[in-house]
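Counting starts at 1 for both ligands and their atoms, following the listed order. Counting from 1, the numbers follow the sequence of the chain as shown.
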Amino acid sequence: MAGRVVLLLLSLLLLAASATKPCPCRCFPGSACWPSPQRWNAFNHTLGGKLVATVPAASVCHPNSTFLPYDADACHDLLDRWQVTDTHSETSYSPMAAWFANFSCDPHLPNTPCTIDSLVQYAVNASSAEDYLVTINFAQAHNIRLVIRNTGHDFLGRSTGAGALALWTHHLKDIEIFNYTSRSWSGPAIKVGAGVQVMEALDAAHKQGYVVVGGNCQTVGIAGGYAQGGGHGQLVSMYGLAADQVLEWEIITATGMHWTASPSDNSELHWALSGGGGGTYAAVLSMTSKLYPDFTTVSANLTFTDAGVSQDVFWEAIETYIRDMVTLTDLGGVAIWEVANGTFQVYPTTLPGGTKEQLQGLMQDTLDILNDNHMPYAYNIIQYDSFYDSFTDMSPWTTVTEYQLGGRLIPRTVVDNNLPALINALRSITGYGAIISGISLNVSRVDVPNNAVTPSWRDAQIDIVLGTAFDYYNRTHDIVNQRLMTDTLLPLLATLTPEGGAYLNEADPNQPDWQWTFYRDNYDRLNAIKNRYDPKHIFYGLKAVGSEVWEEMGDGRLCRADR
Ligand SMILES: Cc1cc2nc3c(=O)[nH]c(=O)nc-3n(C[C@H](O)[C@H](O)[C@H](O)COP(=O)(O)OP(=O)(O)OC[C@H]3O[C@@H](n4cnc5c(N)ncnc54)[C@H](O)[C@@H]3O)c2cc1C
Ligand SMILES: *[C@@H]1O[C@H](CO)[C@@H](O)[C@H](O)[C@H]1NC(C)=O
Ligand SMILES: *[C@@H]1O[C@H](CO)[C@@H](O)[C@H](O)[C@H]1NC(C)=O
Ligand SMILES: *[C@@H]1O[C@H](CO)[C@@H](O)[C@H](O)[C@H]1NC(C)=O
Ligand SMILES: *[C@@H]1O[C@H](CO)[C@@H](O)[C@H](O)[C@H]1NC(C)=O
Ligand SMILES: *[C@@H]1O[C@H](CO)[C@@H](O)[C@H](O)[C@H]1NC(C)=O
Ligand SMILES: *[C@@H]1O[C@H](CO)[C@@H](O)[C@H](O)[C@H]1NC(C)=O
Ligand SMILES: *[C@@H]1O[C@H](CO)[C@@H](O)[C@H](O)[C@H]1NC(C)=O
Ligand SMILES: *[C@@H]1O[C@H](CO)[C@@H](O)[C@H](O)[C@H]1NC(C)=O
Ligand SMILES: *[C@@H]1O[C@H](CO)[C@@H](O)[C@H](O)[C@H]1NC(C)=O
């Protein structure tokens with residue numbers, strides 16, 4: 001009897017101890033704490049059957065996989081489609097940034113094991129606020145890592161996670177267009193569900209004669225990491241970033257509140273969600289953003305190479321183009337260009353509301369250099385009746401970016417006062433075999449609201465994104481290239497732009513001093529908001545605000561950094 005009392009006391013003490021000292025790590029598959037199959041079934045039942053177990057499509061390429069049976073034809077077909085964004089964005093688990101799939105169940109590597117160790121284990125195919133609530137509660141109750149997954153575009157792998165449960169938002173496709181009235185905006189607006197993608201929003205707006213600020217990639221989730229992280233596209237010099245358009249966020253918080261966040265309600269959350277990064281402060285159910293009447297638009301594309309000319313001439317043409325694009329952005333235009341393999345491509349340069357004569361005038365200096373040096377080039381300039389027509393005709397359908405990224409926002413002062421030094425840095429970077437993508441823009445040309453978009457964006461003339469090659473067959477090679485990005489290539493731009501920063505959505509996953517580089521002086525305020533509305537750090541993303549609370553172990557498991 002006394003023994004039993006002692007035992008009881010002991011277990012009470014143990015309970016008390018475990019209550020005061022929370023488990024330092026997230027529960028991982030294989031651990032005793034991981035829910036039993038019965039528990040998962042019960043959860044699925046609560047969800048009305050919306051729980052999806054991860055079955056990697058590429059298991060058809062792996063002879064011994066425990067998932068789908070081996071099928072050579074299906075594997076061949078999958079490999080053909082691997083670079084198409086839909087191949088990933090339609091699934092509940094596949095990250096587009098290949099590094100974060102960790103070479104597991106890779107269609108390129110049929111002779112390696114097919115595992116889902118680095119992927120989410122399950123996803124909830126959400127269709128309602130109730131689904132969000134039940135999912136967040138289940139993850140909390142079982143101490144499981146929660147990932148919000150929309151399309152899987154994230155370059156820093158923030159929509160995947162080892163041993164995680166995904167809140168999968170892809171099927172929240174409702175779109176509504178209406179006249180909105182508030183103190184800050186009276187006019188047309190679009191309300192999009194969390195799963196709506198850029199092209200779907202553009203199509204819906206177009207049917208009623210409107211345009212919406214969206215990305216250059218048609219399949220990015222407009223209300224997901226895109227607008228929550230900033231969101232650039234061909235209309236940003238006209239209207240500001242996608243985050244600047246948001247009138248309301250409809251959200252479920254980590255503590256289960258179903259709220260509207262606007263400049264008048266829960267305004268702190270509205271501030272943070274508009275540019276402070278996806279998957280961090282709350283789970284978004286829908287976003288309501290400004291619409292604008294569509295207008296005529298002129299676009300041009302151009303391709304030339306260094307064949308037959310010196311590097312000096314090749315780069316002189318590029319320098320001239322970049323300088324003239326400053327004037328383009330002053331007029332409300334955006335230019336998207338790329339230097340790779342001795343080829344310069346513009347796809348496209350867009351001047352919304354502009355005329356062919358205006359744009360031709362801005363391209364002429366560059367064309368003169370090409371003509372003077374007898375450099376062959378391909379050039380098209382077209383005046384369209386609408387921005388929509390320009391976008392659908394002139395913007396190539398984007399594929400998965402098979403490069404390892406790094407990025408830097410280049411302040412206007414550098415382009416205005418120090419362009420030759422910038423060109424020298426870009427020349428050095430291509431010398432290392434990296435590709436350079438640049439977007440010339442001005443996201444503070446018009447009045448934009450005060451939100452969490454990093455101040456680096458407001459001063460930026462060019463968003464530069466660098467890519468080093470990714471090799472599906474050689475992990476060592478990939479790590480060497482990641483180091484090259486972090487230690488050599490980005491510092492070449494950083495020294496030129498000490499006041500600059502980087503766009504958190506197009507950045508180096510290993511970026512040092514990331515709090516400052518991605519968020520600048522917004523960091524402390526964002527971190528305070530994060531801690532207020534997600535005190536238990538249910539939402540986590542690599543280099544997201546507050547993520548330093550966690551440490552990712554070698555196997556991907558999250559453990560408290562202060563354990
Ligand atoms: C091919 C390609 C082209 C791109 N083009 C552009 C471009 O033109 N302009 C631009 O600005 N960016 C562009 N990007 C970057 C893009 O903005 C980011 O990858 C962005 O994170 C994508 O958001 P998503 O919701 O579609 O993706 P996901 O990878 O599914 O999610 C990204 C992040 O947002 C979070 N998130 C998603 N949905 C929600 C939600 N409902 N509530 C809370 N958090 C959520 C996720 O947890 C994750 O942290 C491009 C990326 C790729 C791969
Ligand atoms: C959840 O239930 C549905 C419907 O019964 C079923 O199709 C699905 O396979 C279940 N999910 C899991 C993970 O068992
Ligand atoms: C598949 O299993 C067979 C039989 O166990 C084994 O010989 C073979 O090496 C395995 N292949 C792979 C790719 O694991
Ligand atoms: C997810 O739910 C949608 C309906 O909201 C359905 O059309 C789709 O087939 C489901 N997908 C999976 C993989 O369960
Ligand atoms: C908004 O109001 C304007 C002016 O009254 C009207 O012309 C337009 O059709 C309305 N738009 C929508 C989407 O209801
Ligand atoms: C550059 O050339 C390499 C090797 O030919 C090729 O794999 C790569 O796709 C090219 N990159 C671009 C952006 O064209
Ligand atoms: C340039 O635009 C024209 C007209 O839309 C198109 O036919 C061509 O394919 C484009 N070129 C490139 C390289 O994108
Ligand atoms: C953007 O345009 C505004 C208004 O013309 C100007 O004041 C500002 O300097 C420009 N900023 C950049 C980064 O080009
Ligand atoms: C993999 O890449 C590394 C670093 O670039 C290189 O040294 C090595 O030879 C490569 N391995 C193979 C098998 O190609
Ligand atoms: C990635 O793969 C390596 C090698 O197979 C493995 O040791 C590691 O645990 C994996 N990491 C994750 C996050 O799955």
Side-chain angles (χ1 to χ4, degrees), residues 37 40-41 43-55 83 85 88-97 100 121-128 131-132 146-161 166-173 193-198 213-234 236 241-243 249-252 273 277-287 334 336 395 397-403 405 407 437 439 457 463 465 503-507 539-544 547:
W40 284 109
N41 274 336
F43 178 45
N44 193 11
H45 189 73
T46 313
L47 288 162
K50 292 175 196 166
L51 188 67
V52 182
T54 296
V55 176
Q83 277 178 278
T85 56
H88 308 271
S89 59
E90 291 300 314
T91 74
S92 58
Y93 61 87
S94 185
M96 286 184 207
F100 294 95
Q121 299 282 309
Y122 294 94
V124 173
N125 186 4
S127 55
S128 67
D131 293 342
Y132 275 47
L146 179 71
V147 160
I148 306 176
R149 176 188 167 88
N150 188 17
T151 64
H153 274 82
D154 201 90
F155 286 117
L156 284 84
R158 286 175 289 219
S159 41
T160 190
L167 174 62
W168 184 33
T169 59
H170 181 60
H171 289 282
L172 288 155
K173 292 286 192 187
V196 172
Q197 292 166 278
V198 163
V213 174
N216 303 314
C217 177
Q218 299 84 349
T219 56
V220 156
I222 195 165
Y226 170 74
Q228 291 173 51
H232 66 74
Q234 292 169 42
V236 296
L241 292 168
W249 298 101
E250 184 193 359
I251 55 172
I252 302 290
L273 284 159
T280 308
Y281 314 97
V284 168
L285 262 170
S286 76
M287 173 183 91
V334 169
I336 306 168
S395 302
W397 196 267
T398 328
T399 56
V400 169
T401 313
E402 287 182 307
Y403 288 94
L405 254 63
S437 145
I439 306 181
W457 255 127
D463 170 28
V465 183
Y503 175 26
L504 62 90
N505 274 343
E506 294 174 339
F539 303 121
Y540 164 85
L542 183 67
K543 296 183 166 45
S547 59

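- Among Gly48, Ala123, Gly49, the residue whose heavy atom sits closest to atom 3 (C) of ligand 2 is Gly49.
- Taking only nitrogen or oxygen atoms, main chain and side chain alike, Leu51 reaches within less than 3.5 Å of ligand 2.
- Residue-ligand proximity, Ala53 to ligand 2, at heavy-atom distances under 4.0 Å covers atoms 13 (C).
- Every N/O-N/O distance between Val400 and ligand 1 stays at or above 3.5 Å.
- Minimum heavy-atom separation, Arg149 to Pro95: NH1-N, 4.1 Å.
- In this structure, atom 18 (C) of ligand 1 lies nearest to the protein heavy atom Asn505 CG, 3.9 Å.
- Taking any N or O of Ser159, backbone or side chain, at least one lies under 3.5 Å from an N or O belonging to ligand 1.
- Looking only at protein heavy atoms, the nearest one to atom 42 (N) of ligand 1 is Val284 N, 2.9 Å.
- The nearest heavy-atom contact from the protein to atom 13 (C) of ligand 4 is Trp168 CZ3, 3.9 Å.
- Protein heavy atom nearest atom 8 (O) of ligand 1, with residue, atom name and distance: Asn216 N, 2.8 Å.
- Contacts of Gln197 with ligand 1, taken as heavy-atom pairs under 4.0 Å, are absent altogether.
- Checked by atom type, the side-chain pair Ser395/Gln234 shows a donor-acceptor distance below 3.5 Å.
- At a 3.5 angstrom cut-off on N or O pairs, Met96 does not count as close to ligand 1.
- A donor-acceptor pair under 3.5 Å is formed between the side chain of Asn44 and the backbone N or O of Lys50.
- Protein heavy atom closest to atom 49 (O) of ligand 1, with residue, atom name and distance, is Arg158 CB, 3.3 Å.
- For Asn150, heavy-atom contacts with ligand 1 shorter than 4.0 Å involve the backbone as well as the side chain.
- The protein atom (non-hydrogen) at minimum distance from atom 4 (C) of ligand 1 is Cys217 CB, 3.6 Å.
- Considering Glu506, Gln218, His232 only, the shortest heavy-atom separation from atom 9 (N) of ligand 1 involves His232.
- Taking any N or O of His153, backbone or side chain, at least one lies under 3.5 Å from an N or O belonging to ligand 1.
- At a heavy-atom distance under 4.0 Å, only backbone atoms of Thr399 (N, CA, C or O) approach ligand 1.
- Remark: ligand 1 and Gly152 share an N or O pair separated by less than 3.5 Å (distance only, no angle test).
- For Ala283, every heavy-atom contact with ligand 1 shorter than 4.0 Å involves the backbone, none the side chain.
- The shortest contact between atom 39 (C) of ligand 1 and any protein heavy atom is with Ile148 CG2, 3.5 Å.
- Considering backbone and side-chain atoms together, Ala223 places no N or O closer than 3.5 Å to any N or O of ligand 1.
- Close to ligand 1: Gly231, with a non-hydrogen atom less than 4.0 angstrom away.
- Polar contact with ligand 1: absent for Thr398 (N/O pair, distance under 3.5 Å).
- Looking only at heavy atoms of the protein, atom 26 (O) of ligand 1 is closest to Thr151 OG1, 2.6 Å.
- When only interatomic distances are considered, the shortest N/O to N/O separation between Gly215 and ligand 1 does not fall below 3.5 Å.
- Residue, atom and distance of the protein heavy atom nearest to atom 6 (C) of ligand 2 are Asn44 ND2, 4.2 Å.
- Scanning the protein for heavy atoms near atom 5 (O) of ligand 4, the closest one is His171 CB, 3.7 Å.
- Across every non-hydrogen atom of Gly279 and Gln228, the tightest pair is N-OE1, 3.7 Å.
- In this structure, Trp168 and His170 have parallel ring planes: the angle between them is below the 30° cut-off, well short of the 60° mark.
- With respect to atom 51 (C) of ligand 1, the closest heavy atom belonging to the protein is Phe155 CE1, 3.3 Å.
- The part of Ala282 lying near ligand 1 is the backbone, judged by heavy-atom distances below 4.0 Å.
- Considering backbone and side-chain atoms alike, Thr85 places every N or O at 3.5 Å or more from each N or O of ligand 1.
- Ligand 1 has a nitrogen or oxygen under 3.5 angstrom from a nitrogen or oxygen of Gly225.
- Contact annotation: Phe539 has no heavy atom less than 4.0 Å from any atom of ligand 1.
- Judged purely by distance below 3.5 Å, without hydrogens or angles, the side chains of Gln83 and Thr399 never pair a donor atom with an acceptor atom.
- A 4.5 Å side-chain heavy-atom check between His153 and Ser159 finds every atom pair outside the cut-off.
- Between Asn125 and ligand 4, at least one N/O pair is under 3.5 Å apart.
- In this structure, atom 11 (N) of ligand 2 has a protein heavy-atom contact shorter than 4.0 Å.
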